[in-house]
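Quick notes on the structure that follows.
Counting begins at 1 with the first residue of the sequence.
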Amino acid sequence: MRRCYIGLGANLGAPAQQLRWALGQLRRLGDVPVQSSLYRSAPLGPADQPDYCNAVCRLDSSRSPTDLMRDLLAIEREAGRTRSAAKWGPRLLDLDLLHVERVTMTHPDLCLPHPGIAQRSFVLVPLAEIAPQLDLPGLGRVDELAARIDRTGLTLWTD
């Protein structure tokens, strides 16, 4: 079993409900003992879209990182997400494999730790909530990274 960290996001439909549904689906893949609070964040990229609901969870799984990523994409499709060429556009569900313990990899389809992990408050703040002492290879400890990140536009999600 490896400890895996997954970022969840949605800004179309009922985002908080979709994240809760996705957490239920993730339980099919392994043990999900910890999840962060839900956060509201301004969208990356085009500003003419709704705010995102974001969270991070820890999943203990025996799946390989590539198999786990394949499973995450299948859950996105099940939620109704269709991938387009538009980067950072609105979406029903976005699941990102952020980090897998004892794994560093660079592959065209998967890089670990996730390449944007240290620049995104909507990832670092919820990750620091559930794994503050986590050391990300080549980046540092999550609590220290989160303490330095700009949190402008990031608040707790309220329904």
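Residues Y39 and T155 are not in side-chain contact: their nearest non-hydrogen atoms beyond the backbone lie 4.5 Å or more apart. Annotation: side chain of L134 is not in contact with side chain of D143 (no heavy-atom distance under 4.5 Å). L156 has its side chain out of reach of R40: every pair of non-hydrogen atoms, C-beta onward, lies at least 4.5 Å apart. In this structure the side chain of P43 reaches within 4.5 angstrom of the side chain of D51, judged on heavy atoms. The shortest side-chain heavy-atom distance between T66 and H107 does not fall under the 4.5 Å cut-off. With contacts defined as side-chain heavy-atom distances shorter than 4.5 Å, the pair R2/S61 does not qualify.
Of all heavy-atom pairs between G140 and D135, the closest is C-OD1, 3.2 Å. Of all non-hydrogen atoms in L19 and G9, the two that sit nearest each other are CD1-C, 3.7 Å. In terms of heavy atoms, W157 sits closest to A16 at NE1-CB, 3.5 Å.
Residues V34 and L38 do not share a hydrophobic cluster, clusters being chains of Ile/Leu/Val/Met/Phe/Trp/Tyr side chains in contact below 4.5 Å. Tracing side-chain contacts under 4.5 Å through hydrophobic residues (I, L, V, M, F, W, Y), one never reaches V56 starting from L26; they form parts of separate clusters. In the hydrophobic cluster analysis, where Ile, Leu, Val, Met, Phe, Trp and Tyr join through side-chain heavy atoms closer than 4.5 angstrom, V103 is grouped apart from Y5. Cluster annotation: I149 is connected to L139 through the hydrophobic network of ILVMFWY side chains, with a link wherever side-chain heavy atoms come within less than 4.5 Å. By the rule that hydrophobic residues join a cluster once side-chain heavy atoms approach within less than 4.5 Å of another member, L154 and L8 end up as members of separate clusters.
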Margin query: I'd like to know whether D94 forms a salt bridge (charged side-chain N to carboxylate O under 4.0 Å, His left out) with R81, so could you lay out the CA-CA distance, the side-chain angles of the two residues, the decisive distance to 0.1 Å, and finally the verdict.
Written below: CA-CA 8 Å; D94 187 33; R81 177 169 180 189; 2.8 Å; yes
I'd like to know whether C53 forms a side chain to side chain contact (heavy atoms under 4.5 Å, CB included) with N11, so could you lay out the CA-CA distance, the side-chain angles of the two residues, the decisive distance to 0.1 Å, and finally the verdict. CA-CA 6 Å; C53 181; N11 73 337; over 6 Å; no
Open item on the list: Evaluate R28 against E78 for salt bridge (charged side-chain N to carboxylate O under 4.0 Å, His left out), listing each step before the verdict.
Closed with: CA-CA 14 Å; R28 295 183 310 180; E78 190 177 342; 3.5 Å; yes
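Salt bridge absent: R3 and E101 never bring a charged side-chain N and a carboxylate O closer than 4.0 Å. Salt bridge status for E129 with R58: absent, with no side-chain N to carboxylate O gap under 4.0 Å. With respect to D71 and R63, a salt bridge is recorded, a charged nitrogen being found less than 4.0 Å from a carboxylate O.
Within the 3.5 Å criterion, the main-chain N or O of D31 finds no donor-acceptor partner in the side chain of D60. Remark: the backbone N or O of L98 is not paired with any side-chain donor or acceptor of D96 at under 3.5 angstrom. N54 contributes no side-chain N or O that, together with a main-chain N or O of F122, makes up a donor-acceptor pair within less than 3.5 Å. Without hydrogens or angle criteria, R151 side chain to A146 main chain gives a donor-acceptor distance under 3.5 Å. A donor-acceptor contact shorter than 3.5 Å is absent between the side chain of Q35 and the backbone of A55.
To the nearest 0.5 Å, atoms OG (S64) and CE (M105) are separated by 8.0 Å. For the atom pair CD (Q133) and CZ (R141), the distance works out to 4.0 Å, reported to the nearest 0.5 Å.
Under a 4.5 Å side-chain heavy-atom cut-off, the cluster of Ile, Leu, Val, Met, Phe, Trp and Tyr residues that includes L92 is completed by L12.
The environment of E144 atom CD is dense: over 12 non-hydrogen atoms of other residues, nucleotides or ligands sit within 6.0 angstrom.
Here the rule is side chain to side chain contact (heavy atoms under 4.5 Å, CB included) with I6, and of I75, L72, L29 only L72 fits it.
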